[in-house]
Protein chains: 2
Amino acid sequence: MILSRTSQYAVQAMIYMATQEPGQPILNKDVAARLNVPAPYLAKILQSLAKGNLLESFRGRLGGFCLRPEGLRTSLMDILVLTEGPTFTKNCLLGLKQCSKETACPLHFRWVPVKERIIELLNETTLDKLSEAVKSGKYRLADVPLRLFPELDAVA
Amino acid sequence: MILSRTSQYAVQAMIYMATQEPGQPILNKDVAARLNVPAPYLAKILQSLAKGNLLESFRGRLGGFCLRPEGLRTSLMDILVLTEGPTFTKNCLLGLKQCSKETACPLHFRWVPVKERIIELLNETTLDKLSEAVKSGKYRLADVPLRLFPELDAVA
DNA sequence: AAAAAATAGGATAAAAAGGTATAGAATGAA
DNA sequence: TTCATTCTATACCTTTTTATCCTATTTTTT
């Protein structure tokens with residue numbers, strides 16, 4: 001309804017990274033297996049997250065990706081601005097190039113307060129909260145239940 | 001942020017139809033000119049709105065599209081269910097196939113109340129309200145100001 | 001120094017969305 | 001009837017998004 005597949009994968013991956021041991025690089029292919037998404041595609045996404053300074057990347061043996069030191073404070077907004085573009089929450093619902101308080105589309109004043117709620121949610125929802133939720137075991141991050149990949153439990 | 005271009009055009013077109021004389025067919029090309037969108041593309045959209053019973057269509061001379069008799073009560077949700085598909089507001093933010101109260105993604109309980117607000121907005125916002133807003137002259141429906149198309153004032 | 005393991009990056013392929021073109025069918029008027 | 005007008009239907013093209021593949025390049029281990 002709101003997010004591209006790229007963004008969905010990015011958020012899932014970031015939450016997963018946040019559940020892992022800090023500072024310990026995690027392999028792209030392990031994240032991909034855990035989330036059940038195509039590894040080469042996910043690699044591109046992780047690379048762009050690294051370019052955007054949300055992840056660190058290390059090449060070579062013992063390489064991989066991991067959160068930056070303060071990564072747990074990353075908000076959903078931080079991620080989505082990278083994956084959806086900087087105007088993510090700025091556009092008119094009807095697609096008008098100019099739509100502001102002065103030159104408004106007929107939906108503008110109805111939409112703005114709802115949009116504010118969305119923005120608030122994206123800003124206040126951070127990886128530490130989300131990773132705690134996942135670690136509690138009450139929430140699932142991917143479609144396939146964990147138990148179907150017992151070989152990954154060791155990695156986790 | 002939320003709507004496909006097809007949906008944006010559909011909503012714009014429906015609002016425009018609602019500002020017109022009831023029962024009087026309006027030409028696709030006039031709507032396209034007024035909204036400044038490609039006419040052949042808009043034609044497809046209007047046809048699908050007609051198939052979905054939101055518009056009536058008439059062929060031949062004096063033909064065109066117009067709202068159905070009770071069309072002013074059409075809500076944004078009515079339109080978007082047609083253009084975005086019936087699961088428009090039903091999907092998980094993270095794209096999980098299964099995401100409900102029982103098997104929730106970590107965003108679920110944060111997202112649901114915001115989504116409820118969006119759904120409420122879409123359901124309660126109807127064409128009569130929106131067309132009144134446009135007819136008041138305080139809101140604009142398309143990017144190009146009306147004055148640039150004086151030849152359309154007669155049509156309107 | 002060489003081998004192995006990992007990301008980086010560019011080229012490419014497939015699918016979906018956006019947009020165009022064309023032929024056909026219905027309607028009203030000359 | 002015939003013609004212009006308008007929607008209908010289908011096929012097609014283009015662009016964007018999603019996904020894959022292959023070849024560097026970097027780093028660690030041997």
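Each chain gets a letter, A, B and so on, in the order its sequence line appears, and its residues count up from 1. As a basis for the values below, the full set of heavy atoms in this structure was taken, side chains included, without hydrogen atoms, waters or symmetry mates.
- Rounding to whole angstrom units, CD of residue A:Gln47 and C1' of C:dA6 are separated by 11 Å.
- To the nearest 0.5 Å, atoms CG (A:Leu141) and CD1 (A:Ile15) are separated by 5.5 Å.
- Distance, B:Glu84 CD to C:dA17 C1': 11 Å, rounded to whole Å.
- Within the 4.0 angstrom heavy-atom criterion, only backbone atoms of the sugar-phosphate kind lie near B:Leu27; the bases stay farther away.
- Side chain to side chain, B:Tyr16 and B:Ser131 fail the donor-acceptor criterion of an N or O pair below 3.5 Å.
- Across the protein-nucleic acid pair, B:Lys29 atom NZ and D:dA4 atom C1' stand 11 Å apart, rounded to whole Å.
- At least one side-chain heavy atom of B:Leu130 sits under 4.5 Å from a side-chain heavy atom of A:Leu107.
- Rounded to an integer number of Å, the gap from A:Glu56 CD to C:dA6 P is 18 Å.
- The heavy-atom pair separating A:Ser48 from A:Leu82 by the smallest distance is O-CD1, 4.2 Å.
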Summary of protein contacts for nucleotides 11-19 of chain D, nucleotide by nucleotide, where a base hit scores B, a sugar-phosphate-only hit scores S (4.0 Å, heavy atoms): B------SB
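- The interatomic distance linking B:Phe65 (CZ) with D:dT5 (P) rounds to 18 Å, in whole Å.
- Residues B:Ser4 and B:Glu84 have side chains that bring a donor and an acceptor to within less than 3.5 angstrom of each other.
- More than 12 non-hydrogen atoms from other residues, nucleotides or ligands lie less than 6.0 angstrom from CD of A:Glu116.
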Filtered N/O pairs between nucleotides 26-30 of chain D and protein, under 3.5 Å:
from   : atom 1 : to      : atom 2 : distance (Å)
D:dT26 : O4'    : A:Arg59 : NE     : 3.3
D:dT26 : O2     : A:Gly60 : N      : 3.4

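- As a whole-Å value, the separation of B:Leu42 CG from D:dT6 P is 15 Å.
- Between B:Ser57 and D:dT8 there is a side-chain N or O to OP1 or OP2 distance below 4.0 Å.
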Decide side-chain hydrogen bond (donor to acceptor under 3.5 Å, both in side chains) for A:Thr103 and B:Tyr139; before the verdict, give the C-alpha distance in whole Å, the side-chain angles of both, and the deciding distance to 0.1 Å. CA-CA 7 Å; A:Thr103 76; B:Tyr139 302 91; over 6 Å; no
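- Look at B:Lys129 and B:Glu132 and you find no salt bridge, because none of the NZ, NE, NH1 or NH2 atoms lies under 4.0 Å from a carboxylate O.
- Counting to the nearest Å, the C1' atom of D:dA9 and the CG atom of B:Leu46 are 15 Å from each other.
- Residue-environment remark: CD (A:Glu124) exceeds the threshold of 12 foreign heavy atoms within 6.0 Å.
- Computed from coordinates, the A:Leu55 CG to C:dA6 P distance equals 17 Å when rounded to whole Å.
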